[in-house]
Amino acid sequence: MLTTIRPLTRQNTNTYCQHYLNNSILTARTLIQQVTRFSYIYFPGRGIASFYWHPKLKINKNEGITVTETTTQSFRGPVDKKNVTVDNEIDKNITAKFGPNSLNKNITDVLKELAKQERAAGDFFRERAYHAAIKSIKAYPKKIESGKEARELKFIGPSIEMKIDEILKTGTCSYVTGYPDSAERKLFNVLTKIPRIGRINALKYLNKGYKTLEEFIDDSDLQPDQKYIIKHINELGEKIPRLEMNILREYIFRMLKNLDHRYLIEACGRFRRGEKCSESLNIVISHPEFKEDATENIDDFLKKFINDLKIQGFCTEYFPKGPSKYLAICRIPSKDAANPYLRRKIELRAVPYKNYWLTVLANTGDEVFYKSLQEKSLEKGFRLNDTILAPIDPNSGMVGEPLIVNSEDDIFKILNIKYLAPETRDWKSS
DNA sequence: CAGACATCGCATGCAG
DNA sequence: CTGCATGCGG
DNA sequence: GTCTG
């Protein structure tokens, strides 16, 4: 037996480092990547941008962290001249009631389309600019009668002013209609729905000469999950009605509670925000006994659980997306064989108990709301993501001890932000 | 009018 | 192997 | 795309 000879994995050869911004343990490789990629990082309350790392911090999974040599090296980016001011605008937006203001839906709908186009085109800043404009218009309590009137609002400049005039006149905008809905563009839109195919790869495949999905599915580079999704692209593209999401959720919920009533489960995403339908269901699972330092147990649990779902026939197929995260294709068992339920996408993940509410918050979204919340947290001197809520020392920029979070409300309380019900977190759409 | 705006951790691929 | 670039996702 | 200095 060649027990002494094992393949060298990349992980074994890496030196691990501690990221001073969020205390996460990263490989030196990744950390250096981050340094080069984001040459400066803002700290709240001061404009200094710096980055520290421990190149000699080594991790052994069994023995824990051993510091072989503590060299602190700092990278300094350009110094930010302007003072970071507390932006009352954002505060208002965060805490204000965000009731649907459909007075100017005719305009925002077109702008939303434009934002979508810019995203597909890869222009992140224009996409963002349109979203800012939409937000601004939604907060405006009157019906907009002219581009000039809208120009007074924040984030509306000369370009959008013109577009609004056009929208008011024609109901649409030549930038929208001017985009030909060609076969190529349609294929592009479908391709980007496939996991791990974004706009770059979609373009690459288009340039390779694929004209239809049928041709594309034979591409040898495709992974099983990609092939499966292509095969069922229409079925899986169907939106799940809320009622059905509830049944799916209930099924998993009962399975879990039968195992142990202490399991925590939350269906996040659009479902939690109270929307009528969604393309997938996003489920987060935890348990008080899920410890942060024993993630293998959590991985094992989820693996077994999802396998059980498959044995029962509820889950027809599943694809790992990481050790504690799966894409499960599920179908509600139907008594009427002639009318089976459709296959649905369920994102299942299990997390340590400490991260449960942070993960739920992050996964509930929407994107725009959560991003604002993260920005707001930084301003208030906290680091917030799906694994940590911790104060940042304004002088050193170092992240302190993670705070204990036992509910979603805790997070809002710590940040001193009024709790927002999930239903009101719909900032991007509607 | 030029430059800022920016989740970030991770996988992957390339050149040397 | 290292250094570097870049795409993706949620 | 808009905003800032």
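The structure displayed is predicted, hence computed values, not measured ones. We name chains A, B, ... by the order of the sequence lines, and we start the count at 1 in each one.
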Exercise for review: Establish, with yes or no, whether the OP1 or OP2 oxygen of dA6(B) is under 4.0 angstrom from a side-chain nitrogen or oxygen of Arg128(A).
Suggested key: yes
Check your understanding: Contact class for Leu327(A) vs. all strands (heavy atom < 4.0 Å): base, sugar-phosphate, or nothing?
Key -> nothing
Exercise for review: Would you mind classifying the nucleic acid contact of Leu114(A) as base, sugar-phosphate or nothing, using non-hydrogen atoms under 4.0 angstrom?
Suggested key: nothing
Review point. Are the side chains of Tyr251(A) and Ile247(A) in touch, meaning some heavy atoms are under 4.5 Å apart?
Key: no
Exercise for review: Please state how far atom CD1 in Ile134(A) lies from atom P in dT2(D), giving the value in whole angstrom units.
Suggested key: 13 Å
Check your understanding: Nearest to the side chain of Tyr130(A), which nucleotide is it out of dA6(B), dC8(C), dG1(D)?
Key -> dG1(D)
Point to revise | Lys325(A) vs dG9(C): side-chain N/O to OP1/OP2 distance below 4.0 Å | key: no
Practice item. Could you check how far CD1 of Ile229(A) sits from C1' of dG9(C), rounded to whole Å? Key: 13 Å
Exercise for review: Quote, to the nearest angstrom, the P distance that separates dA6(B) from dG5(D).
Suggested key: 14 Å
Check your understanding: Rounded to the Å, how far apart are Phe155(A) CZ and dT2(D) C1'?
Key -> 8 Å
**Study point:** Glu166(A): side-chain hydrogen bond (donor to acceptor under 3.5 Å, both in side chains) partners, not counting sequence neighbours
**Key:** Ser174(A)
Study note, to complete from the structure: When rounded to whole Å, the CD1 to C1' distance for the pair Ile164(A) and dT2(D) reads 13 Å
Check your understanding: Can you name the residues that form a ring-ring contact (aromatic ring centres under 6.0 Å, His included) with His287(A), not counting sequence neighbours?
Key -> Tyr263(A), Phe290(A)
Review point. Nearest-Å distance, CD1 (Ile156(A)) to C1' (dG1(D))?
Key: 11 Å
Review point. In whole angstrom, what separates Leu384(A)'s CG from dG9(B)'s P?
Key: 13 Å
Check your understanding: Does a nitrogen or oxygen in the side chain of Asn201(A) sit under 4.0 Å from OP1 or OP2 of dC8(C)?
Key -> yes
**Study point:** Polar contact flag, side-chain donor to acceptor under 3.5 angstrom, Tyr318(A)-Asn307(A)
**Key:** yes
Exercise for review: Grab the CD-C1' distance between Gln223(A) and dC8(C) for me, whole Å please.
Suggested key: 14 Å
Exercise for review: Determine, for Phe314(A) and Arg331(A), whether the Lys NZ or Arg CZ falls below 6.0 Å from the six-membered ring centre while staying within 45 degrees of the axis.
Suggested key: no
Study note, to complete from the structure: Of the listed dT2(D), dC3(D), dG9(C), the closest approach to the Pro158(A) side chain comes from dT2(D)
Point to revise | Whole-Å distance separating the NZ atom of Lys154(A) from the C1' atom of dC5(B) | key: 13 Å
